[in-house]
Structure formats: C-alpha cells, structure tokens
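Source: prediction; values computed, not measured. Below, each value reflects all heavy atoms present in this structure, side chains not excepted, and no hydrogens, waters or symmetry copies.
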Amino acid sequence: KSPVGRTDPLGVQRLTRGQIGLLACGLTAIPTYLLVPYSAASELVIYNGVLAATVVVSFVGARRLPRNVRAPWLLISLSLAGSLAGALLRWRFGQVGIDPFPSMADGFALGAYVPLAGAAVLLNARRREHDASSWLDAGLLTLVVGLVVWAMAMEPTATDPSIGALDKVITLAYPLAGLLVLGLVIQLTFTRGIRSRAVRLFACGLVVMALADVLWGWLELSDSFESS
C-alpha cells in the first residue's frame, strides 16, 4: 500500500482531499513567507509553524502505514523534528540577541541528516533487484557537483588559517551534508522499478533540500547570508 493517496482500479495513485489541502497550504506558505516583511513573528509563525505542522503530519501519516513499510517514513519524520528543533533554537537565539556558532542548533540541524540518509537507504533496499549502475551514475554526478562546490565555496574556508578548526568543521559540514543527500536522491532517482508516488515526492523534496543547503552553505562561506 502506498503512503500517498489511494490507488484506483487501473493502478493509478490519486491524492486524497486532505493531501491536496496540505500540499496547497505548503505551496501557499512559500510566497507568503517571501512577501511578508521579515520579523521574528513571521519566522516563528510561517517558517517554523509550517515546519512544525509538517512534523505532525509526517508522524501521523507514518503511524498509519503497515509496520513492514513504516520505518523509512518514521526516519523522515525524525529528521524533520531535528530540523524543527534546530530552527526553533536559532529563532530563540535571535530573540535574546545572540548568534552563537557553532551551537546546539547546528547539532540538531546536522543530526537531522542521519535519519534522512537512513530513510533513503531503506527505501532503496526495498527493491528486489540490485542495480549497481545507479550507484555508479549517482557517484559520478555527485563527484562532479562536489568538485564545483569545493572550488567555488569550500576551499577558501578550508584553507583559511584565521578560522578555528571547530568552526571549519561545522561550516563545511552543511554543504557536505547537502552533497550526501543529493547523491542519495540521484541514486534513488536512477533506480529502476521505483514507481511509488510517495518515493518520487520524497526524492523531489530531497533535491530541493540539498540545493537549498548547498546554496546556504555557499552564502554562509562567502559571508553573504542575511536572516532577513
């Protein structure tokens, strides 16, 4: 049974009204967050609020699945919860006028990649046939992207003697984690026989997340990132 929508007699998966409503709310929140003037309230209500709702919906949906297919979706929910914890901590730091780096918020944010990677591995492991070519293709493409990111953003930080060792590790960990997620999603996309709409949506979400994290890492490394 697919965790997304229902299947009609022809085998075509269809989204339920509730799922369409949740998708519409998420898509509406994106332009709303960009258009509303930045403030602590807008970040808490729109950004963190949507993320919190996503965590709840994800856990509820995962719990409704059969036990034999539940594990990867619970890991995704756990990853979202970690991201939420990191985002709330950063929001709280801003409220009290501090910006520590590295901090516990970075620990939660980076730790969220661990269950996310586990979910991708479990989803890939459910295939009946082993597809070595998909791993090779994913590895080569990830390597190419990684070399570009290293040359454009990571190398200057890695070779800067004025930056402390811990700061370097945490700062470089973000684009590296994004590249790891990108490699997993490329492998998942190239895998033959994956027809579940849920897995496809998961893959699309990973692509957006990976690109956003790599872009954020590049802006952070070049001192161009601003919270507003």
Sorted by chain and number, sequence neighbours left out, side chain to side chain donor-acceptor pair (under 3.5 Å) with Ser162 holds for Asp160
Residue set satisfying side chain to side chain donor-acceptor pair (under 3.5 Å) with Ser77, at least two apart, ordered chain then number -> Ser58
If you define the side chain from C-beta out and look only at heavy atoms, does anything of [X] sit under 4.5 Å from [Y]?
X      : Y      : result
Leu74  : Leu65  : no
Thr171 : Phe101 : yes
Leu89  : Ser103 : no
Arg92  : Val96  : yes
Ser83  : Phe108 : no
Thr32  : Ile46  : yes

(message) Under 4.5 Å between side-chain heavy atoms, counting indirect links through other Ile/Leu/Val/Met/Phe/Trp/Tyr residues: same cluster for Val60 and Ile76 or not?
(response) no
**Asked** When hydrophobic residues are tied together by side-chain contacts of less than 4.5 Å, even through go-betweens, does Tyr38 share a cluster with Val36?
**Response** yes
Do you know which two heavy atoms are closest between [X] and [Y], and how far apart they sit?
X      : Y      : value
Ala109 : Tyr174 : CB-OH, 3.7 Å
Gly86  : Ala105 : O-CB, 3.6 Å
Trp91  : Ala40  : NE1-O, 2.8 Å

Which donor-acceptor pairs under 3.5 Å do side chains of residues 47-57 form with protein atoms, sequence neighbours excluded?
residue: Thr54; atom: OG1; partner: Val50; partner atom: O; Å: 2.8

(request) Could you give me the CA-CA distance, side-chain angles and deciding distance for Arg90 and Asp106, then say whether salt bridge (charged side-chain N to carboxylate O under 4.0 Å, His left out) is met? (result) CA-CA 9 Å; Arg90 285 199 179 93; Asp106 296 293; 2.9 Å; yes
